[in-house]
Amino acid sequence: MVDGIPSFIIPGPDPVALPGCALSLVLPALNEAENLDRVLPEVKTALVALGPTYEIIVVDGGSRDATHEIVRKHGARLVSQKLPGFGGAYRAGFEQARGEYVITLDADGSHDPRFLKDLWAARRDGDVVIASRYVAGGAAEMPSTRRVMSRILNITFGRGLSLPVRDLSSGYRLYRGAILRELELKATDFDVLEEILIRALAAGYRVHEVPFQYRARVSGRSHARLMRFAISYLRTFVAMWRLRNSIESSDYDGRAYDSAIPLQRYWQRRRYAIITGYIGNALRVLDAGCGSTQVQNGAPQIIGMDPQMRKLRFMRSAGRTLINGSTFNLPFKDETFDVVISSQVIEHLPEDDRIFSELYRCLAPGGRLILSTVDYGGWQGPLIEWAYSVAKPTGYADEHITHYTRRTLFDRLTRMGMVIEDHQYILGGEIIIAARKAASP
């Protein structure tokens, strides 16, 4: 089991666990001795009341005040960052954190340690839990200039990247430690906060927000610098836009169904209508290579299987049955399903007889195979694919490594002993075939 999903690909966890603790607190600090002298005792008091085993890590970015002495005085771990900036501090802290869960908070006193209990209580509501200023019940005590900049930042990232999060820039968060060890972070400044969230969402992890009352720092000055701040955020926005609109994003297929691009939206919805029409009232259905498609919505009889765990994480919801498995070796018994779907899969894989033989093997006698792919035998498919690649260069087009035609697919299925029942086109470019397996050998 990986993230609650049966996997026939990913090895199980190492039975010999490394020594750790339940919770790691990471506090980046740069010349914050005065604030730390007040914050660290409050943090320790809150953690003792909370109950889990814990560690407190203060990541120092080259302080010239008494930060080192204050950290030692209060019994916290001191870690010196190697990479520059706020992002460098986070990465240094995450590398040292041993906790099953990790909480980040600022060292300047703006994050009330008493709120730790709220984050800890919500740890099972999401893989990332945010102390949010911008959900109902949340608030922010800050200068008007900062408030306006924060709102602009969150609206730009939230709407520009279609993110289901209200407060993207809050640094008061709880993470599952395993997630932080998986993400490959690049940002070196405060934009690391947005990068973490977007990469976590792209990997299919759940983000949950709880209302939080933010207060201004107790003493000292903020270390944010406007020009460097703007450049780093612009660079991260561009990188995250590419990720968010690529097939690497866990919800790519799901968002395409409601895409702002009319061609993409029509294509997804037409495919959905044809495939669900072919499924009919079948009770045992396998979607082999389901991705984050809409086909499983409201259809508990459909088992979704995909080799990419990030897609399955996104698809987790009550009533859905999901399995992590390989198209080349389907983890099911012979003749299990009345309908087997392979939609937009075979063109992404090297041509291999095992793909078709496995689909056929799992199909019950008299069962129906639903197969969809781009038809490269005509001019429409390549032309539409080219137009789509121009409109959305991070989409699927470059991933189509095997080119099938209606004739080659009909020939292959006929040789397997299947009867072609029907086929339909989407704008002459994508072919969707319904083929019946013989009722007896």
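- K186 has no carboxylate O lying under 4.0 Å from a charged side-chain N of D191, or vice versa, which leaves the two without a salt bridge.
- Ionic pairing of E182 and R199 is not present here: no N-O contact between side-chain nitrogen and carboxylate oxygen is shorter than 4.0 angstrom.
- Contact record, F157 with L168: CB-CD1, 3.6 Å, taken as the closest heavy-atom pair.
- The structure places NE2 of H423 at 11.0 Å from CD1 of I432, a figure rounded to the nearest 0.5 Å.
- The one candidate from R244, K311, R206 that meets the salt bridge (Lys or Arg N to Asp or Glu O under 4.0 Å) condition with D251 is R244.
- I9 is listed as a side-chain neighbour of P307, based on a closest heavy-atom distance under 4.5 Å.
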Please determine whether side-chain contact (heavy atoms from CB on, under 4.5 Å) holds for the pair L83 and T188, giving the CA-CA distance in whole Å, both sets of side-chain angles, and the decisive distance to 0.1 Å. CA-CA 8 Å; L83 298 172; T188 58; 5.6 Å; no
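- Salt-bridge formation is detected for the pair D334/R361: a Lys NZ or Arg NE/NH1/NH2 atom is positioned less than 4.0 Å from an Asp or Glu carboxylate oxygen.
- Checked by atom type, the side-chain pair E95/Y90 shows no donor-acceptor distance below 3.5 Å.
- For T408 and T405, the side-chain atoms include at least one donor-acceptor pair closer than 3.5 Å.
- In the model, Y214 has no side-chain atom that pairs as donor or acceptor with a side-chain atom of H111 under 3.5 Å.
- We find that E430 and R271 are joined by a salt bridge, their nearest charged nitrogen and carboxylate oxygen being less than 4.0 Å apart.
- When all heavy atoms of N324 and S7 are compared, the pair lying nearest together is OD1-OG, 2.6 Å.
- A donor-acceptor distance shorter than 3.5 angstrom exists from the side chain of K437 to the backbone of Y360, with no hydrogens or angles considered.
- Side-chain atoms of Y278 and Q424 include a donor-acceptor pair closer than 3.5 Å.
- The CE atom of M240 lies 9.5 Å from the OG atom of S246; values are rounded to the nearest 0.5 Å.
- A 4.5 Å side-chain heavy-atom check between L25 and L116 finds at least one atom pair inside the cut-off.
- The two residues A200 and V128 make their nearest non-hydrogen contact at CB-CG2, 4.3 Å.
- One finds the SG atom of C290 at 10.0 Å from the CD1 atom of I302 (value rounded to the nearest 0.5 Å).
- Ring geometry, F332 versus F337: the interplanar angle exceeds 60°, so the pair is classed perpendicular (tilted spans 30 to 60°).
- Contact annotation: the side chain of R133 never approaches that of R166 to less than 4.5 Å [non-hydrogen atoms, C-beta and beyond].
- Side-chain contact between L409 and I433 is present, with at least one heavy-atom pair separated by less than 4.5 Å.
- Put simply, the side chain of F86 reaches to within 4.5 Å of the side chain of L193, judged on heavy atoms.
- Side chain to side chain, S169 and N154 meet the donor-acceptor criterion of an N or O pair below 3.5 Å.
- Here the side chain of D375 pairs a donor or acceptor atom with the backbone of G377 at under 3.5 angstrom.
- Not one N or O on the side chain of R173 forms a donor-acceptor pair closer than 3.5 Å with the backbone of V129.
- Annotation: F212 is in aromatic contact with F115 [ring centroid separation under 6.0 Å].
- A donor-acceptor pair under 3.5 Å is formed between the side chain of S250 and the backbone N or O of L201.
- No hydrogens or angles considered: nothing links the side chains of T402 and E351 as a donor-acceptor pair under 3.5 Å.
- Taking the centre and axis of the six-membered ring of W120, the NZ or CZ atom of R123 falls inside the cone set by 45° and 6.0 Å.
- Within the 4.5 Å cutoff, the side chain of Y134 has heavy atoms near those of the S150 side chain.
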Verdict with reasoning, Y257 to Y272, per ring pair (Phe, Tyr, Trp, His ring centres under 6.0 Å): CA-CA 9 Å; Y257 190 84; Y272 172 84; 5.7 Å; yes
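- For the residue pair R181 and A97, the shortest heavy atom distance occurs at NH1-O, 4.1 Å.
- At a cut-off of 3.5 Å, with distance as the only test, a side-chain donor of T373 or E347 sits close to an acceptor on the other residue.
- When atom types are taken as modelled, the side chain of T104 and the backbone of G171 share a donor-acceptor pair closer than 3.5 angstrom.
- The shortest heavy-atom contact between E209 and S132 is OE1-OG, 2.9 Å.
- Using a 4.5 Å heavy-atom cutoff, the side chains of E194 and L153 are in contact.
- Between the side chain of D306 and the backbone N or O of G291, at least one donor-acceptor pair lies under 3.5 Å.
- A donor atom on one side chain and an acceptor atom on the other are found under 3.5 Å apart for Q96 and R77.
- Side-chain atoms of Q213 come within 3.5 Å of backbone atoms of G137 as a donor-acceptor pair (strictly under, hydrogens ignored).
- Between D127 and R313 there is no salt bridge, since no side-chain nitrogen of the basic residue lies less than 4.0 Å from a carboxylate oxygen of the acidic one.
- Put simply, CG on D287 and OG on S342 are 8.5 Å apart, with the number rounded to the nearest 0.5 Å.
- Judged purely by atom type and a 3.5 angstrom limit, T321 has no side-chain atom pairing as donor or acceptor with the backbone of I303.
- For R98 and E55, the salt-bridge test passes: some basic side-chain N is under 4.0 Å from an acidic carboxylate O.
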Apply side-chain contact (heavy atoms from CB on, under 4.5 Å) to residues I370 and V340 and explain how you reach the verdict. CA-CA 6 Å; I370 302 172; V340 173; over 6 Å; no
For the pair R368 and E421, evaluate salt bridge (charged side-chain N to carboxylate O under 4.0 Å, His left out) and give the outcome as yes or no after the intermediate values. CA-CA 9 Å; R368 172 177 282 176; E421 293 184 304; 2.9 Å; yes
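- No hydrogens or angles considered: nothing links the side chains of Y233 and R235 as a donor-acceptor pair under 3.5 Å.
- In this structure a side-chain-to-backbone donor-acceptor pair under 3.5 Å is missing from S249 to N245.
- Under the 3.5 Å distance criterion, the side-chain polar atoms of R284 are left unmatched by any main-chain donor or acceptor of Q301.
- Distance check: Q344 CD to D253 CG gives 9.0 Å after rounding to the nearest 0.5 Å.
- Here the CZ atom belonging to R406 is positioned 11.0 Å from the CG atom belonging to D411, to the nearest 0.5 angstrom.
- Using a 4.5 Å cut-off on side-chain heavy atoms (C-beta onward), V192 and L185 make contact.
- No side-chain donor-acceptor contact under 3.5 Å links R354 and T327.
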